[in-house]
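Step one of this worksheet: look at the structure below.
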Amino acid sequence: MSGSGIRFDRVSVAYDGNTVLHALDLTVEPGEVMALLGPSGSGKTTALRAVAGFVRPASGRVFIGGTDVTGLPPHRRGIGMVVQQYALFPHLRVKDNVAFGLRAQKAAKAEIPGRVAEALEMTGMGAYAERYPRELSGGQQQRVAIARALAIRPGVLLLDEPLSALDAQLRSGMLAELARLHRELPDVSILYVTHDQVEALTLADRIAVMDRARLQDCGTPQELYRTPRTEFTASFVGNANLLPVTAGAGAALLGGAELKVDTGGVAPGATATLCVRPHLVGLGDGPNALTGRVSEVQWRGATHRLYVDVAGERIKADVRELRTPPGIGDQVTVHFAPEDAVLLTAAVSEGAAASRRAGVAADG
Ligand code: ADP
């Protein structure tokens, strides 16, 4: 299967005068997995459907493999697509479901059985060719849907919340399966729509973070997780603590406490947001110690999530399961290492996110 790559060139989509996708610039390299991550209604599916050809942009162009496909019908774009609800034909056997796209494409008749078998093997469904969809579990049906998308040997695979309909255990198994498929199809570009950060962090080479019809940020999972550039990214990816502070010299002031952090280019006196991940907040004394009262305790199996009220802020700390967790109202001290915090300001965020996005656009 040959790789294609996808490029959005200032793609906007509007419904009834409402812009639901605003001037999206984004490039997915051949062989890359790009996750579109964001809350419900942020425009992710619309972006995917613009690549598939199911919605027409109000402005901008879509390129697949360097070719402008903006005016092409879906079946001429060389894409495979999988949606949440499987969308298999109930009256067709598995093999005929998988052959469907090939027949629509007018593939040579003699070739079809081999291509169908190959696609079913790839998804571990080789033994189920004669069954009807109703004779399969949800996870198996989704594998057939993936096989159907792969049978046409697409250069681009579009996945729209493909795991949302599966239960948690199946989901993690299918995630591993998708990662394996990606390794077996190193040239196929994958655009993966999800609202689930774990799926995005696990599968994607890069993540495009969407909110309110706009691309907010884009980077590798590690970049977005470790050095988020916007508050939205910091909170949506990894649910970070976001604390309003005032920048000092090599420090941030939270209430009366002076916290040592890398202030980067933030001028002393500027208001900023201190971002630190809950799992990097430790219980007990240490660098950047803050003392406050526990307002909530949640047992999560391997960890305890503590909410600690400090200087009017609620700090989340994920600590290893405690034998004797503190009670609500108890006074505790939490701390974090200076290198585990990131200081964000509106100006820094806007500039950094824009240059990250521009870097993405410049790649293509
Ligand atoms: P997401 O995939 O991020 O959940 P969508 O791209 O599906 O978001 O939707 C973005 C916005 O566009 C939403 O407000 C949604 O209600 C609206 N929308 C999507 N499809 C249509 C449609 N066919 N007609 C009108 N509005 C739509």
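This is a predicted model, so every value here is computed, not measured. In listed order, ligands and their atoms are each counted from 1. Positions are given from 1 along the sequence.
- Between Ser42 and ligand 1, a contact under 3.5 Å exists for at least one N or O pair.
- Between Phe336 and Ala341 the shortest heavy-atom distance is CE1-CB, 3.6 Å.
- In summary, the atoms of ligand 1 found under 4.0 Å from a heavy atom of Ser40, numbered by their order in the structure, are 4 (O).
- Look at Pro39 and you'll find a heavy atom under 4.0 Å from some atom of ligand 1.
- Heavy-atom distances between Gly38 and ligand 1 stay at or above 4.0 Å for every pair.
- Here the shortest heavy-atom pairing between Val82 and Ile146 reads CG2-CA, 3.8 Å.
- Between Arg229 and Asp217, none of the side-chain N atoms (NZ, or NE/NH1/NH2) sits under 4.0 Å from a carboxylate O, so this pair counts as no salt bridge.
- With respect to the salt-bridge test (charged N to carboxylate O, under 4.0 angstrom), the residues Asp96 and Arg103 qualify.
- Scanning all protein heavy atoms for the shortest distance to atom 7 (O) of ligand 1 gives Thr45 CB, 3.6 Å.
- Atom 15 (C) of ligand 1 lies below 4.0 Å from none of the non-hydrogen atoms of the protein.
- Here the protein heavy atom with the shortest distance to atom 9 (O) of ligand 1 is Thr46 OG1, 3.8 Å.
- Taking all heavy atoms of Arg212, Glu161, Lys44, His195 into account, the minimum distance to atom 3 (O) of ligand 1 is reached by Lys44.
- Close N/O approach between Gly41 and ligand 1 is found [any backbone or side-chain N/O within under 3.5 Å].
- Among all protein heavy atoms, the one lying closest to atom 26 (N) of ligand 1 is Tyr15 CD1, 3.3 Å.
- Side chain to side chain, Glu161 and His195 meet the donor-acceptor criterion of an N or O pair below 3.5 Å.
- Residue Val20 has no nitrogen or oxygen atom sitting less than 3.5 Å from a nitrogen or oxygen atom of ligand 1, judged on distance alone.
- Salt-bridge annotation for Asp309 and Arg314: present, with a side-chain N of the basic residue lying under 4.0 Å from a carboxylate O of the acidic one.
- By the definition of a contact as any protein heavy atom under 4.0 Å away, atom 20 (N) of ligand 1 is in contact.
- Summarising the geometry of Asn97 relative to Arg148, their closest heavy-atom pair is O-CD, 3.0 Å, with the distance given to 0.1 Å.
- Ion pair Glu339/Arg226 not flagged as a salt bridge, since none of the NZ, NE, NH1 or NH2 atoms sits closer than 4.0 Å to an Asp/Glu carboxylate oxygen.
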